[in-house]
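First comes the structure, then the notes that go with it.
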Amino acid sequence: GESVGLHLPTLSVQEGDNSIINCAYSNSASDYFIWYKQESGKGPQFIIDIRSNMDKRQGQRVTVLLNKTVKHLSLQIAATQPGDSAVYFCAENPTGNQFYFGTGTSLTVIP
Amino acid sequence: GAGVSQSPSNKVTEKGKDVELRCDPISGHTALYWYRQSLGQGLEFLIYFQGNSAPDKSGLPSDRFSAERTGGSVSTLTIQRTQQEDSAVYLCASSSVKGAYGYTFGSGTRLTVV
């Protein structure tokens, strides 16, 4: 089966600092990746995506980096805010419509 | 509707009872997925419907689990003879063909088997 894993299950950062969440994926055929944010009691929500023909993509306060050589994704959140506290999942799409999700990293922002 | 709707939001049931969980996907989305999320865990794939094709049931953990999708829209996940290890949040998601922007998830049904 597919395996998408995260290096750190929990991360605590001070408000205003930058956060970096890492993810390793296993299928070199994956050509599309998404980061999701899941707040307590809610379903995961799309944050940002990246295709395999790119190595960096920026959104509002978020940046995703893709290193296909080592099959590694990261999510960078600039100027982390209390509202960023959530569980973050990476997901890979090797084929078709199905995505494979990692375990998640719980981000806690300390005011 | 504007998003994926799941009902009930919470369900407590006695061990051995059957439960039905409902999902209303986004109108026009042809793909529908069920995932299970245990406490502090990632998302475990259960089943996938795409249009009129036969569903991908490869993630269903046992024959106590089944799902159907009527008319290409609403889906029901049924768990028969529930066990305590079935306690989890059951998430439904839908997407358009070749899910650009991935899935849109519902808020889930929290199932507790006592």
Side-chain angles (χ1 to χ4, degrees), chain A residues 1-11 21 23-27 30-54 57 59 64 73 75 86-108, chain B residues 1-10 21 23-26 29-51 53-61 88-110:
Chain A
E2 301 298 334
S3 174
V4 182
L6 296 174
H7 296 309
L8 295 174
T10 61
L11 178 65
I21 301 171
C23 175
Y25 64 94
S26 62
N27 193 327
S30 292
D31 62 357
Y32 184 46
F33 305 86
I34 295 178
W35 279 100
Y36 285 91
K37 173 185 181 183
Q38 186 177 27
E39 296 175 283
S40 180
K42 298 182 180 179
Q45 292 182 299
F46 172 94
I47 303 174
I48 190 168
D49 60 353
I50 189 168
R51 297 203 174 270
S52 59
N53 60 351
M54 304 171 69
R57 187 152 191 240
V64 55
L73 274 170
L75 177 70
V87 176
Y88 290 81
F89 294 94
C90 66
E92 64 174 318
N93 175 227
T95 184
N97 273 7
Q98 189 169 331
F99 283 81
Y100 296 88
F101 292 81
T103 305
T105 292
S106 177
L107 175 66
T108 300
Chain B
V4 177
S5 177
Q6 291 188 246
S7 61
S9 56
N10 282 283
L21 312 180
C23 173
D24 282 279
I26 290 175
H29 277 189
T30 57
L32 185 148
Y33 312 80
W34 284 98
Y35 283 82
R36 178 167 72 174
Q37 186 175 31
S38 301
L39 186 63
Q41 300 296 312
L43 280 72
E44 176 189 3
F45 168 75
L46 297 177
I47 189 168
Y48 160 48
F49 296 89
Q50 173 62 59
S53 302
D56 176 356
K57 304 178 182 181
S58 59
L60 294 178
V89 175
Y90 289 82
L91 289 162
C92 176
S94 68
S95 74
S96 58
V97 175
K98 191 51 182 175
Y101 304 112
Y103 306 161
T104 301
F105 282 90
S107 294
T109 294
R110 181 175 296 280

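Values reported hereafter were calculated over all heavy atoms of this structure, with side chains retained and with hydrogens, waters and symmetry mates removed. The sequence lines fix the lettering, A, B, ..., with proteins before strands; numbering per chain opens at 1.
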### Message
Quick check: do B/Gln37 and A/Phe101 have side-chain heavy atoms less than 4.5 Å from each other?
### Response
no
### Query
So, the side chain of A/Tyr36 versus the backbone of B/Tyr103: is there a donor-acceptor pair under 3.5 Å, distance only?
yes
### Query
Checking heavy atoms, do the side chain of B/Leu43, its backbone, both or neither come under 4.5 Å from chain A?
both
#### Entry: Closest approach of A/Gly43 to B/Leu91 (non-hydrogen atoms, all atoms of both residues)
CA-CD2, 3.9 Å
### Query
Quick check, are the ring centers of B/Tyr33 and A/Phe99 under 6.0 angstrom apart?
no
### Message
Checking A/Gln45 now: which residues fulfil side-chain hydrogen bond (donor to acceptor under 3.5 Å, both in side chains) with it, not counting sequence neighbours?
### Response
none
